[in-house]
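Have a look at the structure below, then the notes.
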Amino acid sequence: MTRRYVRLSTTLAITLTTALSVTACGDDSEPSSGGGPADPDAPVTISVSNMPTTEFPEQREAFERRLDEFAADHENITVEAQEIEWEADTFQAMLAGGTMPTVMQVPFTEIGALISRGQVADVTDHLGETDALDRLSPTVMEVVTDGEDRVWGVPIAAYTMGLLYNRSLFEQAGLDPDAPPQTWDDVRAAAQAIDAGTDAQGFATMTLDNTGGWILTTMSYAFGSTLESDDGGTATVDNPATESVLDFYRSLRWDDDAMGSNFLLNYDDAVNAFASGQVGMLVQGADNYSNMVVNRGMPAEDFGVAPLPQADDGIGTLGGGTIAVVNPRATPEEIAAALEWIDFYHFQKYTDETVAVANAEASAADGLAIGAPELPVVDAELYAQYLDWIAAEVNVPRENFELYLSTVEEVPLIPEPAVKAQELYATLDTVVQAVLTREDADIAQLLGDAQSTHQAAIDAG
């Protein structure tokens, strides 16, 4: 398997170089290259986004406390916090008007376009100046690294899509909950067993509110294809991998009758059915432990998660998360200060045992899950040290997720489609619905029509 779908391609790197050399910010100002050493003692002021609003007093108080702690440790750095959050429809005006904060949080889906337009700073030369940022997970760093090994942001939270399964239903169906499916044939066999041996349906997928297309995209990656070209300019919806996914759905639905009787499911419908034991398996975010157990009341011992199975030609799993980026006009001193803040606020728990334990104790006291399965943003050694520090507070049965936890960084992480993803998902919702509700649905025709629809959406700009 190749990771070219995650790392920025050489073509994009060339595009980026051109964009940086001409203009990047929507006005006549040149972005800073971020190059050159920073004076570590120079007074500098930076602004940061995502300060909690007054509607969340406890979170805001905690944020302000961290600001004070940072100020005490960094006398030459002044941090001005702002409540502003990422909005795609206002970002360009913010950047052109010079109001983008020095540090801003953006979703994984946006980073490729921001890099290609030169709208974030190159932070490569300053990563080694902080405690944890030169020890980030190689898996998540792929998302912010271009073809020339330049780094354009810091992933601060990440997740992968996986196969959620109900361990109790597996046992009832005579399946081993500690040996979850690792191939799609295994998934189908497990779905048949659950449907035959329990009162639950074996497998479910969402179909409404863009979720059907979202999961179909995820499954297409696992079967061997993205749904857009690397540059987002060409739809690739009509491909053999996606056709195979739809054939898989059709087999489960019409041959095995293992997908129940309701084929109009939105997100809440599907996750509520899973959490309540009505569904044996569901493709969903592997970080869903808290959502299912803490928020929706699923028994902790019933929650299972496995890596998303990969077909022989599979290219990886859909992933997402949040990236802290730096204003492209930032000076070397501002970039260095920005990374100091990112390191302090988001990563100190990985390098300071006192902070790690205090955070875990506070979260446990609030009834939150400690030690839930996730995609670590730091390297394996640093993450293992963190887990050792907080071991006394872990309240999650991590032994139930052994396969996922031991392989999470082995499956390539592929972002969502970069261009008009939600429009694509809406188009594909109807394709999934058709396959599940019409036994004679023409999959080739459905994909051909979806291909034309999405290409038209891309071309419309």
Side-chain angles (χ1 to χ4, degrees), residues 50 52 56 58-59 62-63 66 105 137 139-140 155-170 177-178 180 267-268 270-308 317 319-322 345-350 352-378 380 382-409 413:
N50 292 80
F56 304 95
E58 293 181 354
Q59 295 179 27
F63 185 91
R66 295 293 282 161
Q105 297 180 23
S137 162
T139 300
V140 297
I156 58 175
Y159 74 91
T160 68
M161 299 293 280
L163 179 71
L164 304 191
Y165 67 99
N166 186 303
R167 293 174 57 86
S168 176
L169 291 176
F170 264 55
D178 293 326
Y267 176 83
D268 280 330
V271 297
N272 284 335
F274 179 79
S276 61
Q278 300 173 54
V279 169
M281 291 176 289
L282 183 71
V283 173
Q284 188 50 251
D287 60 341
N288 252 277
Y289 179 92
S290 292
N291 182 32
M292 298 297 184
V293 175
V294 178
N295 298 341
R296 300 177 191 266
M298 185 178 191
E301 62 273 15
D302 289 356
F303 180 87
V305 59
L308 190 71
T317 183
T322 304
Y345 186 71
H346 296 287
F347 293 91
Q348 193 179 29
K349 68 179 182 180
Y350 297 114
D352 187 317
E353 183 175 2
T354 300
V355 172
V357 172
N359 286 353
E361 289 176 345
S363 295
D366 289 336
L368 302 180
I370 311 300
E374 62 179 346
L375 176 61
V377 290
V378 295
L382 205 59
Y383 191 69
Q385 174 181 266
Y386 164 71
L387 288 176
D388 183 60
W389 286 343
I390 66 168
E393 302 301 328
V394 170
N395 54 15
V396 166
R398 288 179 61 85
E399 64 276 8
N400 288 351
F401 322 127
E402 176 57 34
L403 181 62
Y404 176 81
L405 295 174
S406 63
T407 62
V408 62
E409 297 204 51
L413 184 67

Side chain to side chain contact (heavy atoms under 4.5 Å, CB included) assessment of L413 paired with T160 | CA-CA 7 Å; L413 184 67; T160 68; 3.8 Å; yes
Results of side chain to side chain donor-acceptor pair (under 3.5 Å) for [X] - residues two or more places apart only:
{"X": "S290", "result": "none"}
{"X": "Y289", "result": "none"}
{"X": "E374", "result": "Y383"}
{"X": "Y159", "result": "none"}

Enumerate, atom names and distances included, each donor-acceptor pair closer than 3.5 Å involving a side-chain atom of residues 361-373, sequence neighbours excluded.
| residue | atom | partner | partner atom | Å |
| --- | --- | --- | --- | --- |
| S363 | OG | N359 | O | 3.1 |

For [X] and [Y], which heavy atoms make the closest approach, and how far apart are they?
{"X": "L403", "Y": "T407", "value": "O-OG1, 2.7 Å"}
{"X": "L308", "Y": "M161", "value": "CB-O, 3.7 Å"}
{"X": "N288", "Y": "Q284", "value": "ND2-CG, 3.3 Å"}
{"X": "P397", "Y": "A300", "value": "CG-O, 4.0 Å"}
{"X": "A158", "Y": "V377", "value": "N-CG1, 4.0 Å"}
{"X": "A380", "Y": "E409", "value": "N-OE2, 4.5 Å"}

CG-OG distance between L382 and S137, expressed to the nearest 0.5 angstrom | 11.0 Å
Between side-chain atoms of residues 163-170 and protein atoms elsewhere (two or more places apart, or another chain), which donor-acceptor pairs fall under 3.5 Å?
| residue | atom | partner | partner atom | Å |
| --- | --- | --- | --- | --- |
| Y165 | OH | P177 | O | 2.6 |
| N166 | OD1 | S168 | N | 2.9 |
| N166 | OD1 | L169 | N | 2.9 |
| R167 | NH1 | P177 | O | 3.1 |
| R167 | NH1 | D178 | OD1 | 3.2 |
| R167 | NH2 | D178 | OD1 | 2.9 |
| R167 | NH2 | N400 | OD1 | 3.3 |
| S168 | OG | Q172 | NE2 | 3.2 |

What residues form a ring pair (Phe, Tyr, Trp, His ring centres under 6.0 Å) with [X], not counting sequence neighbours?
{"X": "Y345", "value": "F63, W341"}
{"X": "F347", "value": "none"}
{"X": "F274", "value": "none"}

All side-chain contact (heavy atoms from CB on, under 4.5 Å) counterparts of E353, not counting sequence neighbours |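 E353 satisfies side-chain contact (heavy atoms from CB on, under 4.5 Å) with V357, W389 once adjacent residues are dropped.
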With sequence neighbours excluded, residues passing side-chain contact (heavy atoms from CB on, under 4.5 Å) with S276 =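 In terms of side-chain contact (heavy atoms from CB on, under 4.5 Å), with neighbours along the sequence ignored, S276 is linked to Q278.
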Those residues that, when tested against R296, pass salt bridge (Lys or Arg N to Asp or Glu O under 4.0 Å) (two or more places apart) = D268
Verdict with supporting geometry, F401 and V396, side chain to side chain contact (heavy atoms under 4.5 Å, CB included) = CA-CA 10 Å; F401 322 127; V396 166; 3.4 Å; yes
For E399, look at atom CD and say whether over 12 heavy atoms of other residues, nucleotides or ligands are found less than 6.0 Å away.
->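 Yes - once you tally the heavy atoms of other residues, nucleotides and ligands closer than 6.0 Å, there are more than 12.
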